[in-house]
Undergrad: 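Next up is a structure, given as structure tokens.
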Amino acid sequence: DTGVSQDPRHKITKRGQNVTFRCDPISEHNRLYWYRQTLGQGPEFLTYFQNEAQLEKSRLLSDRFSAERPKGSFSTLEIQRTEQGDSAMYLCASSPDPGTGGYNEQFFGPGTRLTVL
Amino acid sequence: AQSVTQPDIHITVSEGASLELRCNYSYGATPYLFWYVQSPGQGLQLLLKYFSGDTLVQGIKGFEAEFKRSQSSFNLRKPSVHWSDAAEYFCAVGLFSGGYNKLIFGAGTRLAVHP
């Protein structure tokens with residue numbers, strides 16, 4: 001399967017613990033996105049990478065959140081000192097570079113569902 | 001600010017009946033528009049997209065959508081619903097800003113299908 005993969009699919013943690021999620025994009029895609037989806041809502045943009053550079057972070061991404069894409073391939077999203085409000089589905093997506101002024105569709109992974117007790 | 005509104009939170013239809021899911025957007029320029037479907041525990045699958053050209057676009061699984069600029073709408077339709085269509089449907093606007101793209105999603109419409 002050559003789609004976007006995410007690991008783990010489910011994570012249950014206690015409040016105050018740190019968690020880390022991994023996303024492996026489609027191999028030829030240089031753009032990678034993280035979204036958060038809470039119950040009953042659509043996904044909300046968190047952050048964006050072009051290759052290894054993190055070019056945009058949403059205000060939703062507090063100081064407890066950090067994302068990396070060290071070699072421009074896979075990405076990790078870490079949440080420190082988790083809170084119950086962090087419980088959500090974390091979705092990763094990737095897309096190829098569309099060129100100047102263009103737009104290419106984003107392909108989504110299955111998500112990591114985080115439950116903070 | 002850009003936004004997407006899906007007025008119907010839940011819709012129930014009978015199998016074989018027609019379906020229309022509504023989507024309205026707020027965006028200053030010509031938008032890139034998408035419909036995604038999400039089954040329980042799954043990620044998002046793209047049903048169809050509108051970038052430019054013909055305002056009636058065909059997608060997978062027998063879905064189509066019509067872009068109406070005057071109404072700022074991009075409604076999703078299917079002439080005959082199957083039980084397997086039960087899922088959550090998200091409309092999204094794709095923004096090209098600052099040299100990159102991001103998606104703004106609506107809150108979704110959950111579709112239930114009666115046998």
Side-chain angles (χ1 to χ4, degrees), chain A residues 1 3-10 23-26 29-51 53-61 89-113, chain B residues 1-10 21 23-25 27 29-53 57 59-60 65 74 76 87-110:
Chain A
D1 189 293
V4 179
S5 61
Q6 292 187 246
D7 184 69
R9 295 290 305 275
H10 302 273
C23 170
D24 287 90
I26 294 171
H29 288 182
N30 66 339
R31 298 184 170 205
L32 187 146
Y33 309 79
W34 284 97
Y35 292 82
R36 182 174 70 185
Q37 184 180 18
T38 54
L39 202 60
Q41 297 298 317
E44 296 173 289
F45 171 82
L46 290 179
T47 191
Y48 157 73
F49 288 86
Q50 183 162 330
N51 299 310
Q54 186 175 19
L55 298 184
E56 181 73 15
K57 293 197 296 184
S58 163
R59 286 171 293 178
L60 294 174
L61 220 59
M89 174 80 88
Y90 290 84
L91 294 164
C92 176
S94 70
S95 72
D97 190 338
T100 303
Y103 196 100
N104 266 348
E105 66 185 84
Q106 296 176 24
F107 295 82
F108 283 81
T112 294
R113 181 167 296 283
Chain B
Q2 304 89 357
S3 65
V4 177
T5 302
Q6 294 181 248
D8 304 305
I9 298 174
H10 295 279
L21 302 183
C23 172
N24 293 95
Y25 65 89
Y27 185 54
T30 299
Y32 300 106
L33 294 163
F34 304 82
W35 275 99
Y36 284 86
V37 61
Q38 186 177 39
S39 299
Q42 301 299 311
L44 297 165
Q45 182 183 21
L46 181 68
L47 286 176
L48 47 77
K49 61 190 177 190
Y50 172 78
F51 283 4
S52 64
V57 293
I60 62 172
F74 189 56
L76 182 71
E88 188 143 26
Y89 292 80
F90 293 95
C91 180
V93 168
L95 310 179
F96 182 77
S97 173
Y100 78 98
N101 313 130
K102 68 177 180 181
L103 291 167
I104 306 296
F105 287 88
T109 297
R110 182 167 296 279

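So you know, we letter chains A, B, ... as the sequences are listed, proteins then strands, and number each from 1.
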Undergrad: Determine whether more than 12 heavy atoms belonging to other residues, nucleotides or ligands lie under 6.0 Å from atom CG of A/L39.
TA: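 No, the 6.0 Å shell around CG holds no more than 12 heavy atoms from other groups.
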Undergrad: What is the minimum heavy-atom distance between A/L91 and B/G43, and which atoms define it?
TA: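 Where A/L91 meets B/G43 most closely, the heavy atoms are CD2-CA, 4.4 Å.
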Undergrad: Could you tell me whether a side-chain N or O of A/Y35 sits under 3.5 Å from a main-chain N or O of B/L103, the two making a donor and an acceptor?
TA: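 Here the side-chain-to-backbone pair exists.
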Undergrad: Once side chain to side chain contact (heavy atoms under 4.5 Å, CB included) is applied, do any residues pair with A/E44, and if so which ones, sequence neighbours excluded?
TA: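 In terms of side chain to side chain contact (heavy atoms under 4.5 Å, CB included), with neighbours along the sequence ignored, A/E44 is linked to A/L60.
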Undergrad: For B/L46, which atoms come within 4.5 Å of any heavy atom of chain A: side chain, backbone, both, or neither?
TA: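 The side chain, not the backbone.
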Undergrad: Looking at CD of A/Q106 and NZ of B/K102, how far apart are the two atoms once the value is rounded to the nearest 0.5 Å?
TA: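 Answer rounded to 0.5 Å: 11.0 Å.
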Undergrad: Could you go through the ring pair (Phe, Tyr, Trp, His ring centres under 6.0 Å) check for B/F105 and A/F45 one step at a time?
TA: CA-CA 9 Å; B/F105 287 88; A/F45 171 82; over 10 Å; no
Undergrad: Side chain, backbone, both or neither: which part of B/Q38 has an atom under 4.5 Å from a heavy atom of chain A?
TA: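 Looking at B/Q38, just its side chain touches chain A.
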Undergrad: Looking at CZ of B/F90 and CD of A/Q37, how far apart are the two atoms once the value is rounded to the nearest 0.5 Å?
TA: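 Output value for this atom pair is 4.5 Å.
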